[in-house]
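Down below is the structure, laid out as structure tokens.
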Amino acid sequence: MAGTTAAPITSSLSKLQSLNGLFAIHKKQGPTSAEVLNALKEVLLKEAGVQNPNPRKRRKQSLKMGHGGTLDSAATGVLVVGVGNGTKMLSKLLTGSKKYVAVGELGKATDTLDATGSVILEKDFEHITRLDMEEKLKTFTGDIMQVPPLYSALKQDGQRLSVLLMKGHKVEAKPARPVTVYSLTLQEFKPPLFTLDIECGGGFYVRSLVDDLGKALSSCAHVKELTRTKQGPFTLHEHALREDQWKLENILRSLHPCPEGGSKPAETNT
């Protein structure tokens with residue numbers, strides 16, 4: 001009887017390992033992008049018949065998979081996944097266009113620049129009008145200089161700044177760097193909350209934008225909620241597979257195959 005089940009399991013695993021391309025999943029709030037990727041790998045390997053899969057081990061399962069652009073643990077939305085040779089295409093996505101919807105809160109600044117951190121400053125915000133904010137947003141549109149957050153995936157001495165900070169180490173702020181904001185609109189203004197629609201290029205931090213915006217309005221602010229709604233050709237509502245859709249047949253249906261050639265891998269996790 002064992003022989004009758006071995007063939008389909010082998011076939012499923014072989015089909016999984018032969019995938020090459022890009023697809024998008026919906027990252028929920030809470031886990032890191034790397035944890036979501038490992039959970040996805042574990043689900044797919046179990047479906048393929050691998051017993052007790054360890055997605056972090058490279059040798060046994062050899063399922064090559066990576067993600068194109070880290071989402072903060074508190075953020076949700078589109079996380080693009082490269083599988084097989086698709087991991088070589090991820091670097092293009094890192095520099096490409098992304099869209100976000102961000103809910104900010106005026107009057108409170110946190111050490112992480114989002115709702116996961118500790119409040120380090122409180123200031124009045126009653127003087128800020130919708131018109132004030134819309135006018136200030138114009139100064140953050142186009143090619144601008146931006147200082148990345150201390151709590152980020154950027155590295156110092158080979159380790160992420162966020163990890164070093166959580167271990168109690170001192171970290172140096174990264175210098176301001178050029179970033180591009182293609183569009184920035186105020187969708188809702190109900191102080192202290194406000195909602196922004198953002199389209200930006202690679203290397204841009206929404207948390208830094210909201211922090212800088214609060215300062216520019218003679219107050220302070222942090223990101224309360226953040227959702228990535230689009231990355232490259234992948235949109236949240238049309239392409240991102242939710243957790244209950246993490247099945248080989250769904251990935252095969254939504255996979256964008258690799259073109260000939262490719263770029264070097266980025267953010268891979270094998």
Side-chain angles (χ1 to χ4, degrees), residues 27-36 69-77 79 98-137 139-141 144-156 159-177 179 181 184-198 200 203-229:
K27 181 198 169 297
K28 64 183 181 181
Q29 189 176 36
T32 66
S33 295
E35 288 168 345
V36 170
T70 301
L71 272 175
D72 297 329
S73 58
T76 65
L79 186 68
K98 306 172 185 70
K99 288 185 178 180
Y100 296 90
V101 173
V103 177
E105 182 176 355
L106 291 165
K108 293 180 181 178
T110 70
D111 52 2
T112 60
L113 311 188
D114 65 13
T116 66
S118 302
V119 176
I120 56 173
L121 179 66
E122 295 191 43
K123 294 187 79 172
D124 290 337
F125 58 85
E126 287 82 0
H127 62 280
I128 301 170
T129 66
R130 183 183 185 108
L131 184 60
D132 290 336
M133 184 169 285
E134 287 175 335
E135 284 300 310
K136 284 298 179 186
L137 286 175
T139 66
F140 292 98
T141 305
I144 63 171
M145 298 297 289
Q146 185 185 69
V147 177
L150 285 178
Y151 282 85
S152 70
L154 298 177
K155 293 182 178 180
Q156 176 179 301
Q159 290 196 63
R160 291 189 175 195
L161 296 182
S162 55
V163 173
L164 290 170
L165 282 166
M166 285 188 284
K167 289 180 178 177
H169 297 290
K170 288 186 177 180
V171 301
E172 295 179 9
K174 296 288 183 180
R177 57 186 188 175
V179 293
V181 181
L184 181 56
T185 55
L186 179 61
Q187 292 299 312
E188 193 169 39
F189 185 71
K190 293 182 178 179
L193 302 181
F194 60 94
T195 303
L196 301 176
D197 253 4
I198 305 152
C200 57
F204 181 85
Y205 281 90
V206 176
R207 286 180 292 141
S208 290
L209 165 70
V210 170
D211 182 63
D212 290 339
L213 178 62
K215 292 172 182 174
L217 290 164
S218 301
S219 183
C220 57
H222 69 276
V223 172
K224 191 172 179 64
E225 298 173 17
L226 179 63
T227 302
R228 183 154 64 198
T229 58

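The structure places CZ of Phe204 at 4.0 Å from CG of Leu209, a figure rounded to the nearest 0.5 Å. Here CD of Glu188 is found 5.0 Å from OG1 of Thr195. Values are rounded to the nearest 0.5 Å. Between Phe189 atom CZ and Met133 atom CE the span is 5.0 Å, to the nearest 0.5 Å. Residue Glu225 holds its CD atom at 8.0 Å from OG1 of Thr76, rounded to the nearest 0.5 Å. Rounded to the nearest 0.5 angstrom, Thr110 OG1 and Lys224 NZ are separated by 11.0 Å. Atom OG1 of Thr139 is separated from atom CG of Leu213 by 8.0 Å, given to the nearest 0.5 angstrom.
Not one N or O on the side chain of Arg207 forms a donor-acceptor pair closer than 3.5 Å with the backbone of Asp72. Arg228 contributes no side-chain N or O that, together with a main-chain N or O of Lys98, makes up a donor-acceptor pair within less than 3.5 Å. Using a distance-only test at 3.5 Å, with no hydrogens or angles considered, a donor-acceptor pair links the side chain of Lys27 to the main chain of Ala75. A distance-only check finds no donor-acceptor pair linking the side chain of Ser33 to the backbone of Thr70 [under 3.5 Å]. With hydrogens and angles disregarded, a donor-acceptor distance shorter than 3.5 Å links the side chain of Asp111 to the backbone of Ser118. Checked by atom type and distance alone, the side chain of Arg130 pairs as donor or acceptor with a backbone atom of Leu186 at under 3.5 Å.
Residues passing the side chain to side chain contact (heavy atoms under 4.5 Å, CB included) test with Asp124 are Glu126, sequence neighbours excluded. Residues that satisfy the side chain to side chain donor-acceptor pair (under 3.5 Å) test with Gln29, not counting sequence neighbours, are absent from this structure. Scored by the salt bridge (charged side-chain N to carboxylate O under 4.0 Å, His left out) test, Asp211 finds Lys215 as partners (sequence neighbours excluded). Contacts of Lys108 classified as side chain to side chain contact (heavy atoms under 4.5 Å, CB included), with partners at least two apart in sequence or in another chain: Glu105, Val119, Glu122, His222. Among residues two or more places apart in sequence or in another chain, the side chain to side chain contact (heavy atoms under 4.5 Å, CB included) test is passed with Lys28 by Pro31, Glu243. Applying the side chain to side chain contact (heavy atoms under 4.5 Å, CB included) test to Thr141 and every residue at least two apart in sequence or in another chain returns Leu184.
By the 4.5 Å heavy-atom criterion applied to side chains, Ser208 and Leu113 are counted as neighbours. Contact annotation: the side chain of Ser219 approaches that of Ile128 to within less than 4.5 Å [non-hydrogen atoms, C-beta and beyond]. Residues Ile198 and Phe140 form no side-chain contact, since every pair of their non-hydrogen atoms from C-beta on lies 4.5 Å or further apart.
Annotation for Val179 and Gly203: closest pair CG1-O, 3.6 Å, computed over non-hydrogen atoms. The two atoms that bring Cys220 and Ala109 nearest to each other are SG-N, 3.6 Å, heavy atoms only. When every heavy atom of Thr185 is checked against every heavy atom of Leu137, the shortest pair comes out as C-CD1, 4.4 Å. Heavy atoms only, all atoms of each residue included: Lys136 and Leu217 are closest at CG-CD2, 3.4 Å. Closest of all the heavy-atom pairs between Pro148 and Arg177 is CG-NE, 3.7 Å. Of all heavy-atom pairs between Gly104 and Val210, the closest is CA-CG1, 4.4 Å.
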Q. Given Ser73 and Thr32, is the side chain to side chain donor-acceptor pair (under 3.5 Å) satisfied, shown in steps?
A. CA-CA 4 Å; Ser73 58; Thr32 66; over 6 Å; no
Q: Assess whether side chain to side chain contact (heavy atoms under 4.5 Å, CB included) is satisfied between Leu71 and Tyr100, documenting all intermediate values.
A: CA-CA 11 Å; Leu71 272 175; Tyr100 296 90; 4.2 Å; yes
